[in-house]
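Down below is the structure, laid out as structure tokens.
Every value quoted in this text rests on a predicted model; they were computed, and no experiment measured them. The chains referred to below are lettered A, B, ... by the order of the sequence lines, with proteins before strands, and numbering in each begins at 1. Just so it is clear, the values below take in all heavy atoms, side chains as well, and ignore hydrogens, waters and symmetry mates.
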Number of protein chains: 2
Amino acid sequence: MKDNNDMPGHLARRFQQIAVAVFLAEVGEAGFDLTPVQYAALATIKANPGLDQVTLAGLIAYDRTTITGVVDRLVQKGLTERRASSRDRRARELEITDAGRRVLRKITPAVESAQQIMLRGLSTKEGEDLMRLLRKAIAAGNDLSRAPLREP
Amino acid sequence: MKDNNDMPGHLARRFQQIAVAVFLAEVGEAGFDLTPVQYAALATIKANPGLDQVTLAGLIAYDRTTITGVVDRLVQKGLTERRASSRDRRARELEITDAGRRVLRKITPAVESAQQIMLRGLSTKEGEDLMRLLRKAIAAGNDLSRAPLREP
DNA sequence: TACTGATAGTCAGCATACTGAGCAATATTC
DNA sequence: GAATATTGCTCAGTATGCTGACTATCAGTA
């Protein structure tokens, strides 16, 4: 039988599992309570003030039904504001709060440290190769998931 | 700000997301209703008859609290039998059923096709490189998650 | 043998992620 | 302008995946 270690799907799952654990450990040690998903959403809201939820989901490739809960929790933590759009009453405009900006600024070292730790078994070149190959595979498979990346 | 595409954690999430979607699509088209997680568990039970849940979890790097539900569903679908161990009354011995064996046999082409599709943007060599780098990064980070791989 | 520690499994609770359905509002077409 | 299609969002349901707590059992030792 084919070994798990020859299955890219299994390797993907394992690497992601480790990536999340490392992120939570580093961020937790720095004294913050933010998941990788919440971090990406918050950073994207900061970079695109006033964007709506569907756009946010497209920019980070989250499912639109997932983003609802993520934003809920960011709002609950006081890091994001969600208000009805004036131009389109279906849409919710998202805005980062001052508290959100503070968290984002203070959390950055932990996030960057996490990205290094999850590659710690690889040389610099190997790490770059891995990211390049992942980007390439992801680009080719982008439309295969329900939540593809959508360029602005 | 650092782009998401420079974050191995984000790339890991995206690749896994696509891998799961491809797996479910291929397996679903073949007429089966089995998740990647359930597939790996079932294949591992078949290869290690009579193993207990903790051992199973270690072989595929699942958390022991996750494996409970996965085995529940395999039992519910009639693909696995779970019975108390005679030597250790805490443990549950797992056994694949004939139906499980049949499903595993028939599902293999779809699973292998899925593994190819999720690498379709890469050349053969690139695919091998990606898997090698993932294996290396995973090996170095194995103990960083709550559910590390445990060799038998 | 009684005590202590470790282990196997489960459970409650929370956070992703998806499917499929539905509602409200906007856009398009006739 | 009315009918139709599309879009933004939410919800119910299911499946991972984790934390932390708990029970039952086993193993080792005083």
Nearest whole angstrom, please: distance from the C1' of D:dC11 to the CZ of A:Arg64. 11 Å

Base, sugar-phosphate or nothing for A:Thr65? Non-hydrogen atoms, less than 4.0 Å. base

Who pairs with B:Val54 by side chain to side chain contact (heavy atoms under 4.5 Å, CB included), at least two apart in sequence or on another chain? B:Asp52

For atom NZ of A:Lys77, is the number of surrounding heavy atoms from other residues, nucleotides or ligands below 6.0 Å larger than 12? yes

Between D:dG17 (P) and A:Arg14 (CZ): distance, integer Å: 11 Å

In whole angstroms, how far is the P atom of C:dC14 from the CG atom of A:Asp33? 13 Å

Need one value for A:Asp63: base, sugar-phosphate or nothing, where a base atom within 4.0 Å counts as base even if backbone is also close, heavy atoms only. base

With the 4.5 Å side-chain cut-off for hydrophobic clustering, are A:Val70 and B:Met7 part of the same group? yes

Give, ordered by number, those residues of residues 80-97 of chain A having at least one heavy-atom distance below 4.0 Å to an atom of DNA chain C; if nothing qualifies, reply none. A:Asp88, A:Arg89, A:Arg90

Output the rounded distance in Å from CG (B:Leu42) to P (D:dA15). 16 Å

Check every strand shown and say whether B:Thr66 touches a base, only sugar-phosphate, or nothing at a heavy-atom separation below 4.0 Å. base

What does B:Ala21 touch in the nucleic acid at a heavy-atom separation under 4.0 angstrom: a base, only the sugar-phosphate, or nothing? nothing

Can a side chain N or O of A:Gln38 be found less than 4.0 Å away from OP1 or OP2 on C:dT16? yes

Quick check: on DNA chain D, is the nucleotide nearest A:Val54 upstream (toward 5') of the one nearest B:Pro36, or the reverse? Name the residue that is more 5'. A:Val54

Under a 4.0 Å N-O cut-off, is there an ion pair linking B:Asp98 with B:Arg102? no

For the pair made of CG in A:Leu24 and P in C:dC14, what is the distance, rounded to whole Å? 17 Å

Kindly say if B:Thr68 contacts the phosphate of C:dT10, meaning a side-chain N or O under 4.0 Å from OP1 or OP2. yes

NZ/NE/NH1/NH2 to OD/OE distance under 4.0 Å, B:Arg82 and B:Glu93: no

Report whether A:Leu144 and B:Phe23 are members of the same hydrophobic cluster (ILVMFWY, side-chain heavy atoms less than 4.5 Å apart, transitive linking). no

If only side-chain N and O atoms of B:Gln53 are considered, is one of them under 4.0 Å from the OP1 or OP2 phosphate oxygen of C:dT10? yes

OP1, OP2 of C:dC18 versus side-chain N and O of B:Gln17: anything below 4.0 Å? yes

In whole Å, I'd like the distance from the OH atom of A:Tyr62 to the P atom of D:dC9. 16 Å

I need the CG-C1' distance between A:Leu34 and C:dC14, as an integer number of Å. 15 Å

Nearest whole angstrom, please: distance from the P of D:dG13 to the CZ of B:Arg73. 16 Å

Show every salt bridge (charged side-chain N to carboxylate O under 4.0 Å, His left out) that has at least one partner inside residues 11-27 of chain B, sequence neighbours left out. none

